[in-house]
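Here's the structure we're looking at; comments come further down.
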Amino acid sequence: MYPELANTLIKLRERLYSSVKEQKKSVAEELVKVEWVSLLESEASKCRSIAAVDSSFILIESRILPLYAIQGISQMFVIDGGKIAMKFSNRFCDAGVMEVVTGKHAKRSYFKKALTMYAYSLELESMEKLLRDSPADLALFDGSLLSFMLTRRDIAEFVKLRNLESEIKLSELLRSKVRLIESLVERFTVAFVAKSSSVNFYKLSYTDFQLFELAKIHAMKPYSNPGYSKPVDISMSGEILKFLGLRETSIKGFLVTYVRLGTGSQVFQLSAPYIEKRPDVNDMVSCIKMFSPAGYPLPLETVHRLSKLSRRTLKEFLIRIGMPIASGREILEIF
């Protein structure tokens, strides 16, 4: 890094901190509009098991067609003798090529979005296999519910994926993905955990994440203490269905809350879908806290680390087996 750039970044940080200080009053005025439910240290939870799943993928440009590789894992965690232990796991992977449907003009970003849809589908299938014989008190997914349910028919129309066995029909995958979510929600308590989002469910002057992050920076109690925001109940109809590109779903709605598990720790979004009975958010948060000694769900942190796919390792392997890799930059890299 040039010394000039380092000096510029330091000045930018000072200006940013000054701007944050000026915002403090308006942040306080907005925060009082949101009820914060404190987590009590003595609060016991009956929860004894959590299942979590995650995956990662990489798309590399070869001299023939773009190549993709994906790997992931779902695991069951239990409380055993007062300690967190892994009980069961289910690994999954796939590799193949991607191409644009003849006569279509797809953006390169479509490749990433198509792979994201496919990865979500594989994660849902893996979770269903994991829970088939060993139900968990709570099933966790890394990402928001809306991103998992989002249906992009334009991408399904533009992009083709082919693995070793056959062509993956993205148009069929879009609906099967939603059906898997419906099936899981019908039988288990399911929660989607997102670390970032630009949504504004509370309809205030700041986005939800901005508001609670500023509360942490300014140490505004109780919002900087362990707890969660009063859940917002979102009906799965009208604008939401239109946004998702769905005509219908058996899921009636979902509860959204923002959770902080430790004083000054990061906040994350928790969305819990339901079909009939609404899940108890306090029970869910208390359950997650039991498996989160560092302030973030350990099950999700573990499966993320185990599923992480290294671009360097993958590229070196492809070169060793004689795959014709393009000499320029890879198209993208997602973890």
Side-chain angles (χ1 to χ4, degrees), residues 30-31 33-37 107 109-110 112-114 116-121 123-124 127-128 138-159 169-212 228-259 267-285:
E30 294 292 85
L31 278 173
K33 300 174 185 177
V34 180
E35 181 181 341
W36 189 258
V37 181
K107 301 176 183 177
S109 62
Y110 282 9
K112 171 186 171 182
K113 292 173 181 176
T116 299
M117 290 191 295
Y118 184 38
Y120 284 161
S121 180
E123 289 179 24
L124 289 162
M127 180 66 82
E128 187 176 58
L138 183 61
L140 293 179
F141 290 87
D142 190 356
S144 72
L145 169 66
L146 295 183
S147 63
F148 266 78
M149 295 191 72
L150 187 63
T151 297
R152 290 294 302 269
R153 302 186 188 282
D154 55 338
I155 293 174
E157 180 185 345
F158 277 68
V159 181
K169 303 290 186 181
L170 288 178
S171 57
E172 296 175 5
L173 180 148
L174 291 173
R175 182 55 197 160
S176 65
K177 177 166 58 75
V178 175
R179 281 200 299 266
L180 282 167
I181 295 175
E182 293 170 337
S183 175
L184 287 167
V185 172
E186 186 176 0
R187 293 175 291 146
F188 308 105
T189 301
V190 178
F192 293 79
V193 175
K195 296 182 287 294
S196 63
S197 172
S198 59
V199 299
N200 190 355
F201 287 117
Y202 287 102
K203 302 187 184 302
L204 300 176
S205 301
Y206 299 90
T207 64
D208 299 337
F209 267 105
Q210 278 181 321
L211 187 64
F212 295 115
Y228 58 92
S229 59
K230 183 179 179 180
V232 179
D233 194 344
I234 307 295
S235 174
M236 193 68 78
S237 61
E239 292 184 4
I240 293 293
L241 282 180
K242 184 178 180 181
F243 168 76
L244 294 174
L246 297 174
R247 296 179 180 87
E248 60 180 5
T249 174
S250 64
I251 294 175
K252 297 294 190 296
F254 59 99
L255 301 177
V256 180
T257 181
Y258 292 82
V259 183
V267 70
F268 57 86
Q269 181 197 84
L270 187 73
S271 47
Y274 60 85
I275 294 178
E276 293 299 338
K277 184 180 178 181
R278 290 168 174 76
D280 189 311
V281 171
N282 192 73
D283 286 349
M284 295 172 64
V285 175

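Judged by distance alone, the side chain of S271 and the main-chain N or O of V256 form no donor-acceptor pair under 3.5 Å. With hydrogens and angles disregarded, a donor-acceptor distance shorter than 3.5 Å links the side chain of K177 to the backbone of L150. Panel note: side chain S176, backbone L173; a donor-acceptor pair is recorded below 3.5 Å.
At a threshold of 4.5 Å between non-hydrogen side-chain atoms, the residues E186 and S250 do not count as touching. Put simply, the side chain of D142 reaches to within 4.5 Å of the side chain of K195, judged on heavy atoms. In this structure the side chain of L184 reaches within 4.5 angstrom of the side chain of F141, judged on heavy atoms. Using a 4.5 Å heavy-atom cutoff, the side chains of N200 and Y206 are not in contact. Using a 4.5 Å heavy-atom cutoff, the side chains of L138 and T189 are in contact. Under the 4.5 Å side-chain criterion, counting only non-hydrogen atoms from C-beta, L241 is in contact with M236. Contact annotation: the side chain of M149 approaches that of I251 to within less than 4.5 Å [non-hydrogen atoms, C-beta and beyond]. Using a 4.5 Å heavy-atom threshold, the side chains of R175 and R247 count as separate.
Taking all atoms of both residues into account, the shortest heavy-atom contact from V159 to L170 is O-CD1, 3.5 Å. Between P231 and V281 the shortest heavy-atom distance is CG-CG2, 3.7 Å. Contact record, V232 with I234: CG1-CD1, 3.5 Å, taken as the closest heavy-atom pair. Of all non-hydrogen atoms in S147 and G143, the two that sit nearest each other are OG-C, 4.2 Å. Residues L180 and S121 come closest through the heavy atom pair CD1-O, 4.0 Å. Considering all non-hydrogen atoms of both residues, P279 and M284 come closest at CB-SD, 3.7 Å.
In this structure, CD in E30 is found 5.0 Å from CG in L204, a value given to the nearest 0.5 Å. The distance from the CZ atom of F254 to the OG atom of S235 is 9.0 Å, given to the nearest 0.5 Å. Note: Q269 CD to L146 CG = 7.5 Å, rounded to the nearest 0.5 Å. We find the CZ-CE distance between R152 and M117 to be 8.0 Å, quoted to the nearest 0.5 Å. Once rounded to the nearest 0.5 Å, the distance linking OG of S197 with CZ of F268 reads 14.5 Å. Once rounded to the nearest 0.5 Å, the distance linking CD1 of I155 with CG of L174 reads 9.0 Å.
Between Y228 and the choices V267, N282, L270, the side chain to side chain contact (heavy atoms under 4.5 Å, CB included) rule is met once, by N282.
In summary, the side chains of E182 and T249 do present a donor paired with an acceptor at a separation below 3.5 Å, with no hydrogens or angles considered.
Remark: Y258 engages F209, F212 in a ring pair (Phe, Tyr, Trp, His ring centres under 6.0 Å) (not counting sequence neighbours). Looking at residues two or more places apart in sequence or on another chain, you find a ring pair (Phe, Tyr, Trp, His ring centres under 6.0 Å) between Y120 and F148.
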Under the side chain to side chain contact (heavy atoms under 4.5 Å, CB included) rule, what do K33 and K203 come out as? Steps first, then yes or no, please.
CA-CA 10 Å; K33 300 174 185 177; K203 302 187 184 302; over 6 Å; no
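R179 and E172 are not joined by a salt bridge, as no carboxylate oxygen comes within less than 4.0 angstrom of a charged side-chain nitrogen.
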